[in-house]
Amino acid sequence: MSQHYDVVVIGAGPAGYVAAIRCAQLGLNTACVDQWTDDNGKPSLGGTCLNVGCIPSKALLDSSEHYYRVQHQLRSHGIQIEGAAMDVKVMLARKEKIVSTLTKGIDGLFKHNKIAFVHGHGRLVAKDHIKITNQDGEKTVRAANVILATGSAPIELSIAPFDGKRVVDSTGALNFKQTPKRLGVVGAGVIGLELGSVWSRLGAKVVILEALPTLLPTVDQQIAKDAERQFKQQGLDIRLGTTVKGAKSTADSVTVSYTDRDSEHQLEVDRLVVAVGRRPYTEDLFEPGVGVDLDDRGFIRVDEHCRTSVPGVYAVGDVVRGPMLAHKGSEEGSAVAELIAGQSAHVNYDVIPWVIYTHPEIAWVGRAEQDLQKEEIPYNAGMFPFAATGRALAIEDTAGRVKILAHKHTDEILGVHIIGPQASELIAEVVMAMEFSASAEDIARTVHAHPTLSEAVHEAALSVHKRAIHRAN
Ligand code: FAD
Ligand code: NAD
């Protein structure tokens, strides 16, 4: 007789593992199936995020930023370091150690919460039957509820297919054994900018080819322009409005042909990273006829409670609509667990923060100024530059600003955009404020410690009403 669970989760990324843990906390008998294996062929929990996404990329961003600072920013502190060198192998080993600490941590949490983990490929053969295939063969388990959390995969371009050597995806770009002298990147999105920054800081000459005529078009355009200026100063060669026509690899280089508005060009690089977005991953996930609907882009179709077209089957994370962000998937996972347990739960999709972990960091939540203009929503804008805060001067990290957009009549905060030091951490305050429908006045009246970077948030809120203290209004 097959095993029977209250819930089976397929996928142990940040959407699936959080869903499984929350289900177990709520007393549901839960199993989680995941097929990920590490380089040694061992199961590794945590999905894209922990294994080849958020965590390893941030580890490399941190290492490369230290190296960059040692080379370019410590002399004014009186620190002189001669002959600094980067040992890429050590940097990669550090990254792997962080990944393995965290993936093993999920394993421990599963055991602690008595979640049955099954390594293997899960396939929905009926609304309450999951077939699991692994090295031991095949077995079927039954579940009253199923949560699909199978994530996403990189989009491949037919004109520049991945070969795992010269033309790679983001996973390849996390694992170069030495710094390429010349690195090409297709796509100036989040991955292109983060991983382009890593290798540029380590000495690669990085050229980023972007199809669109503007950088980061969904980001507040004033902030995006600040970012473009900063990236150019750092030596990132971002070429907008380009169309890649093909990529030809030889034993030691790859030649990319592309056109821009004016003419045709050839770019010879040692490695090419293609980072043009990710697609929902549903390969071999359903038996035909199970009835789980997909939308026209291949995402599993869900309602606002992550319910699919099949009763008792939910889907969360990158495999469904909305931003492909770990924290968005985790919130959906928690909410679905609570719904299954009979509680009420929802995800506030209007208040999901985004962060790009470049230097300076870029973080935002809510609407951009161009969105408000398009939607004809009346607003006041407040702004404050980090250069006018003592803390930013003390840490010698002054580039950037905080921008707060509040409704002209109600003063409710509609969007906050930060480019600058610790933007990833500073955004949390305003996310919380927006979750409680706070006004700019609420932040302006909140005491912020001195000297901190958060004073820039405080001053930007004051500036919404033209009463910032440390700048002319
Ligand atoms: P995934 O993490 O993709 O997990 C899905 C899991 O399901 C995988 O383990 C997969 O093997 C498994 N699976 C799939 N099909 C089956 C099946 N049929 N049977 C069994 N198992 C299956 N997001 C952020 O918020 N912050 C960041 O800083 C950030 N950085 C990123 C950097 C990079 C380089 C990349 C590539 C992504 C980054 N992301 C970041 C995005 C983030 O990784 C994803 O949004 C997140 O991992 C999605 O979580 P998920 O659980 O939906 O899917
Ligand atoms: P992206 O959507 O952020 O950017 C892709 C870029 O490629 C876009 O600017 C797009 O215009 C461009 N593009 C598309 N086709 C092209 C072509 N043929 N030629 C040139 N340019 C082309 O996607 P990504 O950078 O691959 O990242 C995927 C997703 O992973 C992100 O959207 C994000 O959700 C997630 N992610 C998040 C973080 C983070 O939160 N810090 C970091 C990395 C990845």
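For the single chain, residues carry numbers from 1 onward in sequence order. Just so you know, ligand 1 is whichever comes first in the structure, and atom 1 is the first atom listed for that ligand.
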Among [options], which one puts a heavy atom closest to [atom]?
atom: atom 53 (O) of ligand 1; options: A275, G120, P353, G151; answer: G151
atom: atom 9 (O) of ligand 1; options: L50, D34, V320; answer: D34
atom: atom 27 (C) of ligand 1; options: C32, G317, C54; answer: C54
atom: atom 7 (O) of ligand 1; options: S44, A326, G11, A173; answer: G11

Ligand-side contact atoms (ligand 1) for residue partner [X], heavy atom cut-off under 4.0 Å:
X: M324; value: 41 (C), 45 (O)
X: H327; value: 25 (O)
X: A149; value: 5 (C), 6 (C), 7 (O)
X: C49; value: 2 (O), 43 (O), 47 (O)
X: Y281; value: 14 (C), 15 (N)
X: K58; value: 27 (C), 28 (O), 29 (C), 30 (N)
X: G47; value: 2 (O), 4 (O), 8 (C), 9 (O)
X: S57; value: 32 (C)

Residue part near ligand 1, for [X], under 4.0 Å between non-hydrogen atoms:
X: L285; value: side chain
X: P14; value: both
X: S152; value: backbone
X: I10; value: side chain

Check contact between [X] and ligand 1, using heavy atoms of the residue and a distance below 4.0 angstrom.
X: Y357; value: yes
X: R278; value: yes
X: G53; value: yes
X: V52; value: yes

Applying side chain to side chain donor-acceptor pair (under 3.5 Å), which residue pairs with at least one partner in residues 195-211 are found, sequence neighbours left out?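 Only S64-R201 qualify under side chain to side chain donor-acceptor pair (under 3.5 Å).
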Distance-minimising heavy-atom pair for [X] and [Y]:
X: T218; Y: A368; value: O-CB, 4.4 Å
X: I10; Y: R123; value: CD1-N, 4.4 Å
X: P14; Y: S330; value: O-OG, 3.0 Å

Apply the test salt bridge (charged side-chain N to carboxylate O under 4.0 Å, His left out) to residues R307 and D303: give CA-CA distance (whole Å), side-chain angles for both, the deciding distance (0.1 Å), then the verdict. CA-CA 5 Å; R307 290 180 294 215; D303 67 8; 2.7 Å; yes
For residues 423-430, which side-chain donor-acceptor pairs fall under 3.5 Å, sequence neighbours excluded?
| unit_1 | atom_1 | unit_2 | atom_2 | d |
| --- | --- | --- | --- | --- |
| S424 | OG | E361 | OE1 | 2.7 |
| E429 | OE1 | H448 | NE2 | 3.3 |
| E429 | OE2 | H448 | NE2 | 2.5 |

Please determine whether a side-chain nitrogen of the Lys or Arg among [X] and [Y] lies less than 4.0 Å from a carboxylate oxygen of the Asp or Glu.
X: K131; Y: E287; answer: no
X: R239; Y: D260; answer: no
X: D397; Y: R69; answer: yes
X: K58; Y: D62; answer: no

Whether over 12 other heavy atoms sit under 6.0 Å from Q373 CD: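 Correct, the count exceeds 12.
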Check this for me: E264, atom CD, are more than 12 non-hydrogen atoms of other residues, nucleotides or ligands nearer than 6.0 Å?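 No - once you tally the heavy atoms of other residues, nucleotides and ligands closer than 6.0 Å, there are 12 at most.
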Relative to each other, are the rings of W364 and W354 parallel, tilted or perpendicular (30° and 60° limits)?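 W364 and W354: parallel rings.
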Is it true that Y349 and E332 share a donor-acceptor pair across their side chains at a distance under 3.5 Å?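 A donor-acceptor contact under 3.5 Å links the two side chains.
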Quick one: ring pair (Phe, Tyr, Trp, His ring centres under 6.0 Å) pairs with a partner in residues 127-171, sequence neighbours left out?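 Every candidate ring pair (Phe, Tyr, Trp, His ring centres under 6.0 Å) pair involving residues 127-171 fails, so no pair, neighbours aside, qualifies.
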Quick one: ligand 2 N/O to protein N/O pairs below 3.5 Å?
| unit_1 | atom_1 | unit_2 | atom_2 | d |
| --- | --- | --- | --- | --- |
| ligand 2 | 3 (O) | V190 | N | 3.2 |
| ligand 2 | 9 (O) | E210 | OE1 | 2.7 |
| ligand 2 | 9 (O) | E210 | OE2 | 3.2 |
| ligand 2 | 11 (O) | E210 | OE2 | 2.6 |
| ligand 2 | 21 (N) | A211 | N | 3.2 |
| ligand 2 | 23 (O) | G277 | N | 3.4 |
| ligand 2 | 25 (O) | V190 | N | 3.3 |
| ligand 2 | 25 (O) | I191 | N | 2.9 |
| ligand 2 | 26 (O) | G277 | N | 2.8 |
| ligand 2 | 34 (O) | M324 | O | 2.6 |
| ligand 2 | 40 (O) | V355 | O | 3.4 |
| ligand 2 | 41 (N) | E194 | OE2 | 2.9 |
| ligand 2 | 41 (N) | V355 | O | 2.7 |

With side chains defined as the heavy atoms from C-beta onward, is the minimum distance between D318 and Y281 less than 4.5 Å?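 No - every pair of side-chain heavy atoms lies 4.5 Å or more apart.
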